[in-house]
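Proteins get letters first, then strands, A, B, ... in listed order; numbering begins at 1 in each. Only heavy atoms go into these numbers, but all of them, side chains included; no hydrogens, no water, no symmetry mates.
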Number of protein chains: 2
Amino acid sequence: MKLITRDTDYALRALCFIAKNKDKVTPAPELVAKLKIPRPFLRKILQSLDKNGLLKSYKGKGGGFVMTLKPNKISILDVMRIFQGAFNLNECLLNKHLCPDIRVCILKKKIDRIEKYVVSELGSFKLAYLIE
Amino acid sequence: MKLITRDTDYALRALCFIAKNKDKVTPAPELVAKLKIPRPFLRKILQSLDKNGLLKSYKGKGGGFVMTLKPNKISILDVMRIFQGAFNLNECLLNKHLCPDIRVCILKKKIDRIEKYVVSELGSFKLAYLIE
DNA sequence: ACAAATGATACAAATGTGGTATCATTAAGC
DNA sequence: GCTTAATGATACCACATTTGTATCATTTGT
Ligand code: FES
Ligand code: FES
């Protein structure tokens with residue numbers, strides 16, 4: 001089980017790099033060179049970050065990406081949610097046929113508590129901590 | 001993200017049922033009927049539980065499965081480990097190329113703490129709690 | 001006009017999950 | 001011993017997800 005997937009990891013690294021560049025526009029090719037992320041894959045990731053409002057993009061020559069928020073306003077969880085969907089360790093609710101069983105519900109409460117802990121820990125871990 | 005996969009869930013349900021039968025031998029067909037788990041899939045799961053020492057199997061007519069341990073000696077984590085492998089939220093160690101980066105290491109520490117918490121919570125949650 | 005960048009989108013390989021099918025082996029009970 | 005009801009072992013398969021790749025259109029600074 002992975003907690004953080006590859007695209008989230010790439011996204012974090014890209015965000016860190018772009019954040020260090022401050023107001024300077026960072027073009028994707030620079031990220032590819034420095035971070036060794038496969039180019040088309042990175043492009044897709046950057047587009048996602050743009051659509052989700054974490055980056056602002058500039059098209060055309062001299063274009064690229066800049067941060068829209070301060071790094072201390074972005075949490076690991078914010079990035080995870082973009083690439084891995086809403087945090088939901090308890091998928092049991094979906095499979096209706098599993099639910100008549102009480103035992104799963106006791107377990108469900110346990111898992112809910114675990115989930116709350118994880119969400120709170122990752123939600124308070126800001127991108128800024130990864131830069132300094 | 002799921003914390004518990006389908007086979008682990010099926011395994012937990014099967015174990016609960018078998019545990020309730022105490023020393024009585026429970027044949028797979030009975031489990032199929034009562035728990036509505038696809039037959040060949042359940043068979044595979046029961047074989048895993050047998051190989052990992054949580055169940056003892058009796059072959060031949062009148063055969064089936066019985067528990068080898070008291071339900072308060074088996075944790076959710078024990079079952080998860082059989083079907084989902086060792087708990088390892090931090091897969092980063094494997095991908096060597098990610099590691100020169102300090103930021104991941106700080107994050108890694110955070111994830112390690114999260115993992116310890118999850119392992120401790122699930123390791124102390126015993127099968128017995130699901131039965132009563 | 002040209003070059004350098006992003007936008008959009010479709011495709012593809014590798015892996016993981018959930019499930020199926022088959023045949024051999026064992027043991028109880030007549 | 002024969003039948004029957006059970007497990008053991010193993011190989012296969014369909015689908016979804018992950019991790020990418022490829023292509024072409026569009027925008028913009030010089
Ligand atoms: S919520 Fe699924 S069993 Fe209770
Ligand atoms: S352990 Fe992978 S970056 Fe530190």
Between B:Tyr58 and B:Phe65, is the ring centroid distance below 6.0 Å? no
Figure out the [atom1]/[atom2] separation between [X] and [N], and round it to whole Å.
X	N	atom1	atom2	result
A:Arg6	D:dG20	CZ	C1'	10 Å
A:Gln47	D:dG20	CD	P	17 Å
B:Asn52	D:dG8	CG	P	13 Å
A:Ile45	D:dT21	CD1	C1'	13 Å
B:Lys61	C:dC30	NZ	C1'	8 Å
B:Arg43	C:dT26	CZ	P	15 Å
A:Leu42	C:dA5	CG	P	14 Å
B:Leu49	D:dG8	CG	P	11 Å

Heavy-atom donor-acceptor pair, B:Gln84 side chain to B:Thr5 backbone, under 3.5 Å: yes
Looking at B:Ser124 and B:Ser120, would you say the former's side chain and the latter's main chain have a donor-acceptor pair under 3.5 Å? yes
CD1 on A:Ile114 to CG on B:Leu122, rounded to 0.5 Å: 4.0 Å
Heavy-atom donor-acceptor pair, A:Lys59 side-chain to C:dG7 base, under 3.5 Å: no
Side chain of [X], heavy atoms from C-beta onward: which of [options] has the nearest atom to it?
X	options	value
A:Asp7	C:dT6, D:dG20, D:dT19	D:dT19
B:Pro27	C:dG19, C:dG7, D:dA6	D:dA6
B:Lys2	C:dT17, D:dA6, C:dT20	C:dT17
A:Phe41	D:dT19, C:dT20, C:dA3	D:dT19
B:Asp50	D:dA5, D:dG8, C:dA8	D:dG8

Do you see a donor-acceptor pair shorter than 3.5 Å between the side chains of A:Arg113 and A:Tyr117? no
May I have the step-by-step check of salt bridge (charged side-chain N to carboxylate O under 4.0 Å, His left out) for B:Asp112 and B:Lys108, ending in yes or no? CA-CA 6 Å; B:Asp112 275 342; B:Lys108 176 171 160 44; 3.4 Å; yes
Give one of base, sugar-phosphate or nothing for [X], where a contact means two heavy atoms less than 4.0 Å apart.
X	result
B:Pro40	base
A:Gly63	sugar-phosphate
A:Gly64	sugar-phosphate
B:Arg39	nothing

Under a 3.5 Å cut-off for both contacts, is C:dT22 paired Watson-Crick or G-U wobble with anything, and if yes, with which nucleotide? D:dA9
Start at the 5' end of DNA chain D and walk down; is the nucleotide closest to B:Ala28 or to A:Gly62 reached first? B:Ala28
Closest-nucleotide 5' rank along DNA chain D - winner of B:Thr26 and A:Lys44: B:Thr26
Are [X] and [N] close enough that a side-chain N or O sits under 4.0 Å from OP1 or OP2?
X	N	answer
B:Lys51	D:dA9	yes
B:Tyr58	D:dA5	no
B:Ser57	D:dG8	yes
B:Tyr10	C:dG18	no

